[in-house]
K.L.:
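Could you have a look at this structure, given as structure tokens, before my questions?
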Amino acid sequence: MMSPVPGLLSSAARSFSLSCPAAGLLCCRLRGPGSGTRRNMSSKRQMDHLERTASNTRQNALYPAQVCGIINESETVKRLRLAVDPDFSFKAGQWVDFFIPGVETVGGFSMCSSPGLLQREGIVELAVKYAKHPPAHWVHTTCTVGSEVAMRVGGDFFFDPSPSDPSVDLLLVAGGVGINPLYSILLHTSDLLHINRASGGRDYNIGSAHLCYSAKNTQELLFKNSITEVCREFPDKFSCDFYVTQPSTDVDLNLQPFLSRGRITEEELRARVDPQRTLCFLCGPPPMIEAISKTLMDFGLPKDRILFEKWW
């Protein structure tokens with residue numbers, strides 16, 4: 001396990017500022033009026049990450065980071081473990097602007113680890129699906145252990161309760177790699193439950209969390225074993241349903257109780273909605289987000305209790 005090395009990371013920052021064509025973008029903070037979790041994308045042209053998130057809140061600081069582990073999460077997804085500067089911080093559900101020396105295009109990837117892992121080990125994790133888009137392509141074809149990058153945290157889609165906040169029941173709905181920020185939220189909620197358990201119930205009033213996660217097949221269900229482990233550790237708090245649209249025949253027996261064929265159903269969502277207690281986080285393709293948001297509002301869930309992050 002690698003811990004951040006301040007001297008090494010500061011060196012990475014210096015080399016990054018000299019060699020990255022995108023470094024000039026760092027002079028401006030990309031925040032405008034109407035920051036929020038909802039973005040209306042009317043253009044058919046696929047927008048660059050910085051364009052698409054221009055109205056989102058961002059931290060001012062850019063931090064160097066070094067890749068200290070690469071895991072094949074599935075046939076198409078690599079999970080990067082990154083050692084970061086001790087001052088780096090984020091909230092569960094947020095993303096980073098991902099700057100690669102020598103690559104002009106800036107990536108945008110959601111953290112799939114918890115703030116607790118950062119506090120314990122100085123590590124953040126990103127799960128990146130293969131694509132021709134230059135930052136994702138770099139992750140899959142060029143990135144190695146030891147590669148140096150820089151990251152800046154942004155996003156208004158997060159779960160960061162205070163100990164005194166009233167309890168809410170989380171409904172997490174993910175499509176494909178949209179699981180990344182929701183997995184971070186799930187892990188963060190688990191960390192808070194451990195804190196609450198250690199304090200004898202004096203810290204954090206955590207309600208329940210239910211995950212509805214849809215993917216093409218079981219191989220593309222990322223983090224599935226860790227998710228089911230959390231559900232088994234806190235059976236009174238966590239539950240999940242996996243949906244696969246193109247199921248394969250050989251399914252792990254441990255996964256079977258959580259698995260359904262087809263898409264997430266209205267009946268499933270209705271059973272999980274309490275307009276007074278439910279807070280819903282959605283992340284996935286835009287058509288899925290729009291359809292599920294409408295369904296939840298039809299069930300009486302207020303619009304301000306439906307938060308979403310769209311990916312393209």
K.L.:
Distance-only, no hydrogens or angles: does the Asp156 side chain make a donor-acceptor pair with backbone N or O of Asn56 under 3.5 Å?
P.N.:
no
K.L.:
Linking I/L/V/M/F/W/Y whenever their side-chain heavy atoms sit closer than 4.5 Å, directly or via other members, would Val67 and Tyr130 fall into one cluster?
P.N.:
no
K.L.:
Got a second to check how far Tyr183's OH is from Leu172's CG, nearest 0.5 Å?
P.N.:
13.0 Å
K.L.:
Ignoring hydrogens, what is the shortest heavy-atom contact between Pro275 and Phe299? Give both atom names and the distance.
P.N.:
CG-O, 4.2 Å
K.L.:
Would you find more than 12 non-hydrogen atoms of other residues, nucleotides or ligands less than 6.0 Å from Arg277 atom CZ?
P.N.:
yes
K.L.:
Where the side chain of Gln59 meets the backbone of Ser89, is there a donor-acceptor pair that is under 3.5 Å apart?
P.N.:
yes
K.L.:
Phe99 versus Leu62: any side-chain heavy-atom pair under 4.5 Å?
P.N.:
yes
K.L.:
Mind checking what makes salt bridge (Lys or Arg N to Asp or Glu O under 4.0 Å) contact with Asp191, not counting sequence neighbours?
P.N.:
Arg120
K.L.:
What are the two closest heavy atoms between Ala215 and Leu221, and how far apart are they?
P.N.:
CB-CD2, 3.7 Å
K.L.:
Does Ser214 use its side chain to pair, donor to acceptor, with the backbone of Arg263 at less than 3.5 Å?
P.N.:
no
K.L.:
Contact between Leu307 and Cys280 at the side-chain level, heavy atoms closer than 4.5 Å - yes or no?
P.N.:
no
K.L.:
If you define the side chain from C-beta out and look only at heavy atoms, does anything of Val153 sit under 4.5 Å from Lys91?
P.N.:
no
K.L.:
Hey, are Glu290 and Lys294 close enough for a salt bridge, meaning a charged N less than 4.0 Å from a carboxylate O?
P.N.:
no
K.L.:
Mind running side-chain contact (heavy atoms from CB on, under 4.5 Å) on Arg79 and Cys112 for me, showing each step along the way?
P.N.:
CA-CA 9 Å; Arg79 177 154 51 106; Cys112 64; 3.9 Å; yes
K.L.:
Indicate whether the side chain of Asp241 and that of His210 have a donor and an acceptor atom separated by less than 3.5 Å.
P.N.:
yes
K.L.:
Looking only at non-hydrogen atoms, find the nearest pair between Cys283 and Pro181 and report the distance.
P.N.:
SG-CG, 3.8 Å
K.L.:
Please determine whether a side-chain nitrogen of the Lys or Arg among Glu229 and Lys224 lies less than 4.0 Å from a carboxylate oxygen of the Asp or Glu.
P.N.:
no
K.L.:
What are the two closest non-hydrogen atoms of Val128 and His140, and how far apart are they?
P.N.:
O-NE2, 2.8 Å
K.L.:
Output yes when a side-chain donor or acceptor of His133 lies under 3.5 Å from a complementary backbone atom of Asp48, and no otherwise.
P.N.:
no
K.L.:
I need the Asn205 CG to Ser162 OG distance, nearest 0.5 Å.
P.N.:
12.5 Å
K.L.:
Would you call the rings of His188 and Phe159 parallel, tilted or perpendicular if under 30° counts as parallel and over 60° as perpendicular?
P.N.:
perpendicular
K.L.:
Please report the closest heavy-atom contact between Leu80 and Cys143, naming both atoms and the distance.
P.N.:
CD2-SG, 4.1 Å
K.L.:
Quick check on side-chain contact (heavy atoms from CB on, under 4.5 Å): which of Thr76, Ile71, Ile70 does Glu73 satisfy it with?
P.N.:
Ile71
K.L.:
In the structure I gave you, are the side-chain heavy atoms of Arg81 and Glu121 within less than 4.5 Å of one another anywhere?
P.N.:
yes
K.L.:
Step by step, work out the salt bridge (charged side-chain N to carboxylate O under 4.0 Å, His left out) result for Arg270 and Glu266.
P.N.:
CA-CA 6 Å; Arg270 185 190 295 274; Glu266 290 191 4; 5.3 Å; no
K.L.:
I'd like to know whether Ser110 forms a side-chain contact (heavy atoms from CB on, under 4.5 Å) with Leu126, so could you lay out the CA-CA distance, the side-chain angles of the two residues, the decisive distance to 0.1 Å, and finally the verdict.
P.N.:
CA-CA 6 Å; Ser110 293; Leu126 308 173; over 6 Å; no
K.L.:
Between Phe98 and Val149, does a side-chain contact (heavy atoms from CB on, under 4.5 Å) hold up when you go through it step by step?
P.N.:
CA-CA 7 Å; Phe98 194 77; Val149 297; 3.8 Å; yes
K.L.:
Using only atom types and a distance under 3.5 Å, with no angle test, would you say the side chain of Thr105 pairs donor to acceptor with the backbone of Pro134?
P.N.:
no
K.L.:
Indicate, with yes or no, if the rings of Tyr204 and His194 have centres closer together than 6.0 Å.
P.N.:
no
K.L.:
If we only count heavy atoms from C-beta on, is the Phe90 to Pro115 side-chain gap below 4.5 Å?
P.N.:
yes
K.L.:
Out of curiosity, Phe242 CZ to Leu259 CG, how far, rounded to the nearest 0.5 Å?
P.N.:
8.0 Å
K.L.:
Can you name the nearest heavy-atom pair linking Ala127 to Phe223, along with the distance?
P.N.:
CB-CZ, 3.9 Å
K.L.:
Are any side-chain N or O atoms of Ser114 and backbone N or O atoms of Gly116, one a donor and one an acceptor, separated by less than 3.5 Å?
P.N.:
yes
K.L.:
Got a donor-acceptor contact below 3.5 angstrom from the Ser199 side chain to the Asp203 backbone?
P.N.:
yes
K.L.:
List the steps and the verdict of side-chain hydrogen bond (donor to acceptor under 3.5 Å, both in side chains) for Asp169 and Ser208.
P.N.:
CA-CA 5 Å; Asp169 291 336; Ser208 66; 3.2 Å; yes
K.L.:
Given 3.5 Å as the limit, does a donor-acceptor pair link the side chain of Arg152 with the main chain of Asn60, or not?
P.N.:
no
K.L.:
Look at the side chain of Asp85 and the backbone N and O of Tyr63, then say whether any donor-acceptor pair between them is shorter than 3.5 Å.
P.N.:
no
K.L.:
Does the side chain of Tyr213 come within less than 4.5 Å of Cys240's, by heavy atoms?
P.N.:
no
K.L.:
Decide if atom CD of Glu75 counts as having more than 12 heavy atoms of other residues, nucleotides or ligands within a radius under 6.0 Å.
P.N.:
no
K.L.:
Taking the ring centre of each residue, are Phe157 and Phe308 less than 6.0 Å apart?
P.N.:
no
K.L.:
With side-chain contact (heavy atoms from CB on, under 4.5 Å) as the test, would you mind laying out the steps for Ile227 and Leu186 before giving the verdict?
P.N.:
CA-CA 8 Å; Ile227 291 168; Leu186 191 71; 4.1 Å; yes
K.L.:
Could you check whether any side-chain heavy atom of Glu125 comes within less than 4.5 Å of a side-chain heavy atom of Leu82, counting everything from C-beta outward?
P.N.:
no
K.L.:
I need the single residue from Ile179, Ile289, Leu269 that forms a side-chain contact (heavy atoms from CB on, under 4.5 Å) with Val173. Which is it?
P.N.:
Leu269
K.L.:
Of the options Arg58, Met111, Met151, which is the one that meets Trp95 in a side-chain contact (heavy atoms from CB on, under 4.5 Å)?
P.N.:
Arg58
K.L.:
CD/Gln66 to CD/Glu148 distance, rounded to the nearest 0.5 angstrom?
P.N.:
5.0 Å
K.L.:
To the nearest 0.5 Å, how far apart are CD in Glu268 and SG in Cys212?
P.N.:
4.0 Å
K.L.:
Report, as yes or no, whether the 6.0 Å neighbourhood of atom CZ on Arg232 holds more than 12 heavy atoms from other residues, nucleotides or ligands.
P.N.:
yes
K.L.:
Roughly how far apart are Phe234 CZ and Ile206 CD1, rounded to 0.5 Å?
P.N.:
10.5 Å
K.L.:
Tell me if a side-chain donor or acceptor on Ser74 pairs with a main-chain N or O of Val77 at a distance below 3.5 Å.
P.N.:
yes
K.L.:
For the residue pair Ser113 and Ile123, establish whether any side-chain heavy-atom pair is separated by less than 4.5 Å.
P.N.:
no
